[in-house]
Amino acid sequence: MAGKNSRASNRETHEVDQALFTAPGSAAVTRLSAVDTVRARVLLSIEHALLAPGSKLPRTELIAGGLEVSHITARRALESLVDDGVLVRRRGRGGGTFVADDPPALNDSSVTAYRADEQSILRLIDQRSLMESAIVVAAAQRATAAQCDELDDLIRQSKNAADWHEHHIPDTRFHRLCAEISGLPEVPTYLACYEALTRYFVPYPQEQLDEGRDHHARLVAAFRAHDPMAAVDIARIHVDALRREMFVGLGRKP
């Protein structure tokens, strides 16, 4: 019986995924290999100065966890960027993988594919905003003190993370737990939309993530107070920030 339920769940997730990604432009990204998606996200971070020349990248396993790919995928992507002169390897104490001091500007097909998806990304932000509003209203009505404690612990893990890649893991768990707390039947559709956007996230300096953590803390406070209106106001502010924080908004003037 468990196997049948698992297959049904996988089929439902696939159907939701297909429905969400039929928007024009999204096909360009879905055709990319896992290695190319990592290349695109690293290159976009460098282009927008989120990864500065000469800065050290986290360990490969942290990059893999943060970008939700396998260790071997992350390693192959980084090796390809070393071959292109974008990254450099240094041996010995203090060694590792670094952004080159003067990285070349690549006309990379993976980045072109990501940019072609701008309108699809904006639609996904719209979808997430609407669905997350419903999620937090229900969660504010149902959340227990123990669940709020668990959410607070995830915020602490994010704050104590060494870098974006380590932060991304508890951050993602936070949103998934909010959805679980809501108990809504539409949660699989919401999670498909949420996970679609995470495929476009690019690494950020850890110090620039405080605003999002503040939103999360205020959201948990609304859950503890069982205040759905406060929760939805915070959620909309939080999701709307993606319009300026994701790569599609970074190059625009305010």
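The chain is numbered in sequence order, starting from 1.
Closest of all the heavy-atom pairs between Thr60 and Ala74 is CG2-CB, 3.9 Å. Here the closest non-hydrogen pair linking Ser45 and Pro203 is OG-CD, 2.9 Å. Nearest approach of Ala230 to Ala222, heavy atoms of both residues: CB-CB, 4.1 Å. The minimum heavy-atom distance linking Leu154 with Pro170 is given by the pair O-CB, 3.6 Å. Closest non-hydrogen pair, Ile46 versus Pro103, comes out as CG2-CG, 4.1 Å.
Judged by distance alone, with hydrogens and angles left aside, the side-chain atoms of Ser133 form a donor-acceptor pair with the main-chain N or O of Ser129 at under 3.5 Å. Looking only at distances, a side-chain donor or acceptor of His226 sits under 3.5 Å from a matching main-chain atom of Ala140. Side-chain atoms of Glu195 never come within 3.5 Å of backbone atoms of Ala192 as a donor-acceptor pair (strictly under, hydrogens ignored). Asp84 places no side-chain N or O within 3.5 Å of a backbone atom of Val86 that could act as its donor or acceptor partner. Proximity of a side-chain donor or acceptor of Arg39 to a complementary backbone N or O of Ala77 within less than 3.5 Å is not detected. A donor-acceptor distance shorter than 3.5 angstrom exists from the side chain of Tyr204 to the backbone of Glu245, with no hydrogens or angles considered. At distances below 3.5 Å, not a single donor-acceptor pair connects side-chain atoms of Arg90 with backbone N or O atoms of Gly96. Using modelled atom types, no side-chain atom of Thr73 and backbone atom of Ala34 make a donor-acceptor pair closer than 3.5 Å. Judged by distance alone, the side chain of Asp117 and the main-chain N or O of Ser120 form no donor-acceptor pair under 3.5 Å.
Within 6.0 Å of the CZ atom in Arg75, the count of heavy atoms belonging to other residues, nucleotides or ligands exceeds 12. Surrounding CZ of Arg236 are at most 12 heavy atoms belonging to other residues, nucleotides or ligands under 6.0 Å away. More than 12 heavy atoms of other residues, nucleotides or ligands shown are found within 6.0 angstrom of CG on Asp83.
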Kindly indicate, with the supporting measurements, whether the criterion side-chain contact (heavy atoms from CB on, under 4.5 Å) is fulfilled by Thr172 and Arg176.
-> CA-CA 6 Å; Thr172 298; Arg176 289 174 179 161; 3.3 Å; yes
Can you check salt bridge (charged side-chain N to carboxylate O under 4.0 Å, His left out) on Arg224 and Asp152, steps first, answer last?
-> CA-CA 11 Å; Arg224 290 188 186 278; Asp152 278 336; 2.8 Å; yes
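Using a 4.5 Å cut-off on side-chain heavy atoms (C-beta onward), Pro228 and Val232 make no contact. Gln157 has its side chain out of reach of Ile169: every pair of non-hydrogen atoms, C-beta onward, lies at least 4.5 Å apart. Pro104 places a side-chain heavy atom less than 4.5 Å from the side chain of Leu106. At a threshold of 4.5 Å between non-hydrogen side-chain atoms, the residues His165 and Leu67 count as touching. Side-chain contact between Trp164 and Phe201 is present, with heavy atoms from C-beta onward closer than 4.5 Å. Taking 4.5 Å as the limit, every side-chain heavy atom of Tyr114 sits out of range of all side-chain heavy atoms of Asp36. Side-chain atoms of Phe98 and Leu87, non-hydrogen and from C-beta on, never get closer than 4.5 Å to each other. Val69 is not listed as a side-chain neighbour of Ile63, based on a closest heavy-atom distance of 4.5 Å or more.
Going from atom CD of Gln127 over to atom OH of Tyr194 covers 15.5 Å, rounded to the nearest 0.5 Å. Residue Arg123 holds its CZ atom at 13.0 Å from CG of Leu197, rounded to the nearest 0.5 Å. Note that the CG atom of Leu62 and the NE2 atom of His167 stand 13.0 Å from one another [nearest 0.5 Å]. Ile121 contributes atom CD1, which lies 10.5 Å from atom CG of Leu242 (distance to the nearest 0.5 angstrom). The distance from the CD atom of Glu150 to the OG1 atom of Thr144 is 9.0 Å, given to the nearest 0.5 Å. If you take CG on Leu219 and CG on Leu151, they are separated by 7.5 Å, rounding to the nearest 0.5 Å.
Between His216 and His238, the two ring planes are tilted [angle within 30° to 60°].
Residues Leu122 and Val202 share a single hydrophobic cluster, defined by chaining ILVMFWY side chains whose heavy atoms lie under 4.5 Å apart. Taken together through direct or relayed side-chain contacts under 4.5 Å among Ile, Leu, Val, Met, Phe, Trp and Tyr, Leu177 and Phe223 form part of one hydrophobic cluster. Transitive grouping of hydrophobic side chains (ILVMFWY, heavy atoms separated by less than 4.5 Å) keeps Leu81 and Val88 in distinct clusters. Cluster membership check: Leu184 shares its hydrophobic cluster with Met131, using side-chain heavy-atom separations under 4.5 Å among Ile, Leu, Val, Met, Phe, Trp and Tyr. Hydrophobic clustering (side-chain heavy atoms under 4.5 Å, transitive across Ile, Leu, Val, Met, Phe, Trp, Tyr) groups Val111 together with Phe247.
In this model, a donor atom of one side chain and an acceptor atom of the other lie less than 3.5 Å apart for Ser158 and Arg213. Between Glu68 and His168, the side chains place a donor N or O and an acceptor N or O closer than 3.5 Å (distance only, hydrogens not considered). With no hydrogens or angles considered, no side-chain donor-acceptor pair links Arg199 and Thr37 at under 3.5 Å.
Annotation: cation-pi geometry not satisfied between Arg41 and Tyr200 (NZ/CZ under 6.0 angstrom from ring centroid, within 45° of ring axis).
Ionic pairing of Asp171 and Lys159 is not present here: no N-O contact between side-chain nitrogen and carboxylate oxygen is shorter than 4.0 angstrom. Using a 4.0 Å cut-off between charged nitrogen and carboxylate oxygen, Asp153 and Arg173 do not count as a salt-bridge pair. Ion pairing between a basic and an acidic side chain is recognised when a charged N comes within 4.0 Å of a carboxylate O; Arg244 and Glu211 show such pairing.
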